[in-house]
Amino acid sequence: MPTETLERPSAEYISDAEWLASRRTTTFPAQAILSAEPPIRLIGSPMGGFILTVGDASPPWIKPAVRGLSALLELPSDWDSYGGVRIKPEIVIAALNLLFETMQYDSPAPSIVPTSRGGIQLEWHRNGVDLEVEFVSPSRVRGVFEDRQNGDTWDRDLFYDLGPLTKAIAELSHNR
Amino acid sequence: MTDVSRPLPDFADPPVIEVALSVQFEAIKGLRTPQLGLLWSEFREPFRRVEEHPPLDAVVERFGVKHVAIRPSIQLRMLEALPAPRCWFLNEAGSELIQVQADRFIHNWRKTAADQQYPRYHRLRQSFEQELGRLRGFLQREGLGDLVANQCEVTYVNHILAGKGWREFGELGQVLTVCDARYSDKFLGAPEDVRTALRYIIRNGQGEPTGRLHIVVEPAFRLSDGQPMLVMSLTARNRPEGEGVGGVLKALDIGREWVVRGFASITTPAMHGIWGRKDANRDS
């Protein structure tokens with residue numbers, strides 16, 4: 001797969017006003033390197049992070065997902081007033097990667113919630129299906145699935161085998 | 001599926017020129033350049049030489065992912081500062097080295113002299129186990145955490161020289177069982193050269209996929225004398241078979257078995273004869 005890595009390309013910097021004004025861009029507060037193929041394009045941010053520019057042909061779930069994940073990175077320590085740990089950027093990256101590997105074009109965006117241990121939970125509740133994916137660390141990923149219509153359930157590791165998750169998301173994506 | 005009841009294929013004169021045992025783990029944030037320097041003191045005898053190289057990308061053998069054209073493919077990784085390097089600690093001859101980076105530990109053996117014998121897997125595994133223990137001890141003393149392994153990797157690189165069993169690059173079928181040159185007509189002659197890459201799924205006793213065996217064969221010329229050769233690399237990458245160092249070693253053993261059985265399976269009996277295959281089950 002041809003990839004292109006951009007490392008703070010100064011020639012492509014845009015002004016704060018430009019990126020704040022754009023409704024098709026969303027910031028990624030932590031510094032990151034992205035390797036991307038169209039329609040996602042990466043440009044450097046003068047504020048130290050990177051901007052993920054979402055093209056018009058991109059799947060609709062990308063913008064809300066990236067916004068939700070970006071917001072988690074801005075949570076302070078003790079964000080829940082119960083000693084909640086700051087969300088680990090590497091977990092945000094892992095969650096975004098997992099979405100890119102499993103979501104279809106018309107998949108519904110997940111609800112994204114922080115966990116007190118500094119992790120992330122992705123949730124879908126739709127069409128009689130409940131699906132939750134918790135990231136404890138980048139490689140400790142657990143999913144729980146329940147389809148109330150046909151009684152299917154599972155609770156399993158989702159780091160190595162994404163087949164069940166891909167199938168569950170496909171079920172979420174289609175009306176029945 | 002592997003048949004563990006059969007002994008592994010064994011060759012008196014295998015064409016192997018490099019072996020690498022590797023474990024990938026969750027990145028240890030505190031393992032940066034100064035700490036890698038401190039770590040060198042743990043390995044300085046016999047690894048007296050040091051080199052710095054760019055870090056390797058993390059690789060995970062995942063299953064159940066379907067690549068569809070409309071789905072964007074993006075890889076992201078954090079860069080909170082300049083990436084810490086991958087350090088090589090080499091012995092004087094350069095025949096063995098340790099590679100360490102924030103999320104990877106590798107032990108390599110390389111053939112650096114024509115008369116050098118492959119030291120065999122069990123000796124390399126023993127070294128790897130001891131060195132991994134030293135790395136864990138260092139991380140513990142420095143308060144950097146412990147290894148959370150997620151992939152184990154065994155790589156064998158073979159140089160198959162022209163003149164023994166094959167002459168031209170287009171004769172890959174003389175070496176590989178999967179490259180029988182059968183054409184629909186006589187339009188094409190022998191190819192100028194051939195390169196091939198194959199992937200096989202490694203499954204556990206329950207039939208679940210746990211990793212992959214990658215086999216790549218490419219034409220090349222030996223640097224020392226320009227002799228044509230086929231470079232054949234076999235990489236088995238799979239998940240740890242349990243917690244801790246024991247789980248890593250068990251996964252490496254499975255990977256090594258796949259590499260060795262895979263090498264015998266994909267190469268022709270004629271080449272086996274040249275390499276001196278000596279196990280009893282060579283025809284099965």
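Not measured: the values here are computed from a predicted model. Letters A, B, ... mirror the listed sequences (proteins, then strands); counts begin at 1.
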Inset, instruction - Compare every heavy atom of Gly64(B) with every heavy atom of Thr166(A), then report the nearest pair and how far apart it is. - result: OG1-O, 2.8 Å
Inset, instruction - Name all residues meeting the ring-ring contact (aromatic ring centres under 6.0 Å, His included) criterion together with Trp124(A); count only those two or more places apart in sequence or in a different chain, and write none if there are none. - result: none
Legend entry - Point-to-point distance, once rounded to the nearest 0.5 Å, from OG of Ser139(A) to CZ of Arg239(B): 12.0 Å
Inset, instruction - Answer yes or no: does atom CD of Glu52(B) have more than 12 heavy-atom neighbours from other residues, nucleotides or ligands under 6.0 Å? - result: no
Legend entry - Test item: Glu90(A) and Lys29(B) side chains (from C-beta on) under 4.5 Å apart, heavy atoms: yes
Legend entry - Greater than 12 external heavy atoms within 6.0 Å of Arg140(A)'s CZ: no
Inset, instruction - Inspect the surroundings of CD in Glu51(B) and state if more than 12 heavy atoms from other residues, nucleotides or ligands are less than 6.0 Å away. - result: yes
Inset, instruction - Let me know if Glu26(B) has heavy atoms under 4.5 Å from chain A in its side chain, its backbone, both or neither. - result: side chain
Legend entry - Where Leu158(A) and Arg62(B) come nearest, the two heavy atoms and their spacing: O-NH2, 4.2 Å
Inset, instruction - Keeping to residues at least two apart or across chains, list the ring-ring contact (aromatic ring centres under 6.0 Å, His included) pairs with something in residues 135-168 of chain A. - result: Phe145(A)-Trp154(A)
